[in-house]
Novice: 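Structure in structure tokens, see below.
Within every chain, numbering begins at 1; the chains are lettered A, B, ... in the order of the sequence lines, protein sequences first and strands thereafter. The figures here come from the full heavy-atom set of this structure, side chains too, leaving out hydrogens, waters and symmetry mates.
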Protein chains: 2
Amino acid sequence: MVETGVRTRTRQAILDAAVVVLSRDSSASLSEVAREAGVGRTTLHRYFPERSDLVQAIGTFTLERIAVATDRAKLDVGPAREAVVRLCREYFELLGDVLSLVFTDPQFSSGLDWHEESESDLALLALVRRGHQDGSIDRGLTPEWVQQALWALLYAAWAFVRECGVSRHEALGQCLRSLERMLHPGDQATG
Amino acid sequence: MVETGVRTRTRQAILDAAVVVLSRDSSASLSEVAREAGVGRTTLHRYFPERSDLVQAIGTFTLERIAVATDRAKLDVGPAREAVVRLCREYFELLGDVLSLVFTDPQFSSGLDWHEESESDLALLALVRRGHQDGSIDRGLTPEWVQQALWALLYAAWAFVRECGVSRHEALGQCLRSLERMLHPGDQATG
DNA sequence: CCAAAACGGAACATTCGTGTTCCACTACTG
DNA sequence: CAGTAGTGGAACACGAATGTTCCGTTTTGG
């Protein structure tokens, strides 16, 4: 049961297929996942004995991606608001379909470091606080809310692509512009 | 089989319970829905013979709520941006748990006027275009994107309440502030 | 008060997803 | 070429959800 190249490749194919299928319908059957992966159901069970194993693997997989994105965004460089926007861009590009899963379905975000303990989440919260201090982020928005809104806009951008047939680039543009303006501390009347 | 008061009341109780239960887990069993409604599973099947009937009823129910909210917001009064914010507030207050359903699960928004044909949706799109003309909404944001983002922020606000234990009022405040700033045509550098 | 309406529980058949086992086939590798 | 890892299909048992029927009980309303 060594980690040969074939095994890791098959495993990844199943994982990718699972993300695609389950992001469309989180209660899809394992047969559908296997078919999407171009793999027999038997093989799928060889890699992930139970459904919960597959779900948890997706969760871990996602956490890794998030960590990478957070790292790439270099959150401690430059004004905080710009860093948040960079982070959003990285998320968009690295997460794809996974987004729908973690955002809409609680089953993928349970049983792990989620949601309070994740290092990346804490980094984002700290970043927003820095933005409050350096004046680049509206002090009327709490860090926790910014986090929520960031994910929501990301999901919206992805849905924009899937449902409205907009290009990824166009959707990301609208998303980042919205985020930028949302965070910007303006002199508009306070709601 | 006349429309006695008892029947409508029972039907509504089931519908409400279904929204609560299914918004937590869209693949919950009908037994759970019946229990939440304080009703026997037999009775539930009397009103909604198949699961799909219940799902569709929720869809229709939601459309009605949306129509009411759109009406109350008086979209043709005042600056367009303020009208959008009013609409968002009405949505938040009238939709509650239903939000999670229509937003995350496609099964509730299929088989109806959804999504392209709904009168309320068209009204929102037209409203944004009016905002482009009267200069109250950033011309860099397309009407379709504003629609997506509006729903996303609404969902974020609701999740904020459910997951972070924030008060409805506080969550709505953050949501509306974000929306307002997002739409505002500022003089910030263009992304 | 009495009949009709509405309800709840038990039981049943059916379907579907799941998890498992067994066996034959293919591909790589020494 | 032989052996082994990997695969896929068929078949099976099991449980859960669904949809239906039947019947006794409660509630409603004229």
Side-chain angles (χ1 to χ4, degrees), chain A residues 1-61 100-101 104-108 110-111, chain B residues 1-61 100-101 104-108 110-111:
Chain A
M1 193 64 83
V2 240
E3 272 301 311
T4 150
V6 190
R7 283 192 66 83
T8 37
R9 228 177 309 130
T10 307
R11 186 188 146 95
Q12 194 57 44
I14 295 177
L15 225 41
D16 290 341
V19 168
V20 171
V21 171
L22 295 180
S23 68
R24 277 200 298 263
D25 174 13
S26 62
S27 64
S29 74
L30 295 183
S31 307
E32 296 182 55
V33 174
R35 185 163 1 107
E36 171 77 26
V39 143
R41 195 166 66 91
T42 311
T43 301
L44 193 154
H45 276 96
R46 232 172 246 129
Y47 286 82
F48 306 97
E50 301 192 1
R51 175 183 255 267
S52 62
D53 295 321
L54 180 58
V55 168
Q56 186 178 343
I58 292 179
T60 307
F61 173 68
S100 324
L101 287 183
T104 63
D105 220 301
Q107 62 175 308
F108 297 97
S110 59
Chain B
M1 195 62 85
V2 239
E3 272 300 312
T4 148
V6 190
R7 284 192 66 85
T8 38
R9 228 176 308 131
T10 306
R11 185 188 147 94
Q12 194 57 43
I14 295 177
L15 226 42
D16 291 341
V19 169
V20 171
V21 171
L22 295 181
S23 68
R24 277 199 298 263
D25 173 14
S26 63
S27 65
S29 74
L30 295 183
S31 306
E32 294 182 59
V33 174
R35 185 163 0 106
E36 171 76 25
V39 143
R41 195 167 67 92
T42 312
T43 301
L44 192 154
H45 277 96
R46 232 171 245 129
Y47 286 81
F48 306 96
E50 302 191 1
R51 175 182 255 267
S52 60
D53 295 321
L54 180 58
V55 168
Q56 187 177 344
I58 291 179
T60 307
F61 173 69
S100 323
L101 287 183
T104 62
D105 222 301
Q107 63 176 307
F108 297 96
S110 59

Novice: Are R46(A) and T43(A) packed together at the side-chain level, in the sense that at least one heavy-atom pair is separated by less than 4.5 angstrom?
Specialist: yes
Novice: R7(B) CZ to dT27(D) C1': how many Å, rounded?
Specialist: 14 Å
Novice: Output yes when at least one side-chain N/O atom of Y47(B) is less than 4.0 Å from OP1 or OP2 of dC7(C), else no.
Specialist: yes
Novice: In whole Å, what is the span from the CZ atom of R35(A) to the C1' atom of dG9(D)?
Specialist: 15 Å
Novice: Evaluate Q56(A) against F48(A) for side-chain contact (heavy atoms from CB on, under 4.5 Å), listing each step before the verdict.
Specialist: CA-CA 10 Å; Q56(A) 186 178 343; F48(A) 306 97; over 6 Å; no
Novice: When rounded to the nearest 0.5 angstrom, what distance separates OG in S29(A) from CZ in R41(A)?
Specialist: 8.5 Å
Novice: Are L22(A) and D105(A) packed together at the side-chain level, in the sense that at least one heavy-atom pair is separated by less than 4.5 angstrom?
Specialist: no
Novice: For R9(A) and dC28(C), give me the distance from atom CZ to atom C1', rounded to whole Å.
Specialist: 12 Å
Novice: Tell me which residues in residues 13-23 of chain A lie within less than 4.0 Å of DNA chain D, going by non-hydrogen atoms.
Specialist: none
Novice: Heavy atoms under 4.0 Å is the rule here; annotate nucleotides 9-24 of chain C 5' to 3' with B where the base is hit, S where only the sugar-phosphate is, and - elsewhere.
Specialist: BBB-----SBBBB---
Novice: Quick one: do R24(B) and E32(B) satisfy side-chain contact (heavy atoms from CB on, under 4.5 Å)? Show the steps, please.
Specialist: CA-CA 11 Å; R24(B) 277 199 298 263; E32(B) 294 182 59; over 6 Å; no
Novice: Any non-hydrogen side-chain atom of L30(B) less than 4.5 Å from a side-chain atom of H45(B)?
Specialist: yes
Novice: Within this structure, what is the OH-CD distance for the pair Y47(B) and Q12(B), rounded to the nearest 0.5 Å?
Specialist: 11.5 Å
Novice: If the cut-off is 4.0 Å, is T43(A) near the phosphate of dT7(D), judged by side-chain N/O to OP1 or OP2?
Specialist: no
Novice: Can you measure from CD1 (I58(A)) to CG (D53(A)) and round to the nearest 0.5 angstrom?
Specialist: 11.5 Å
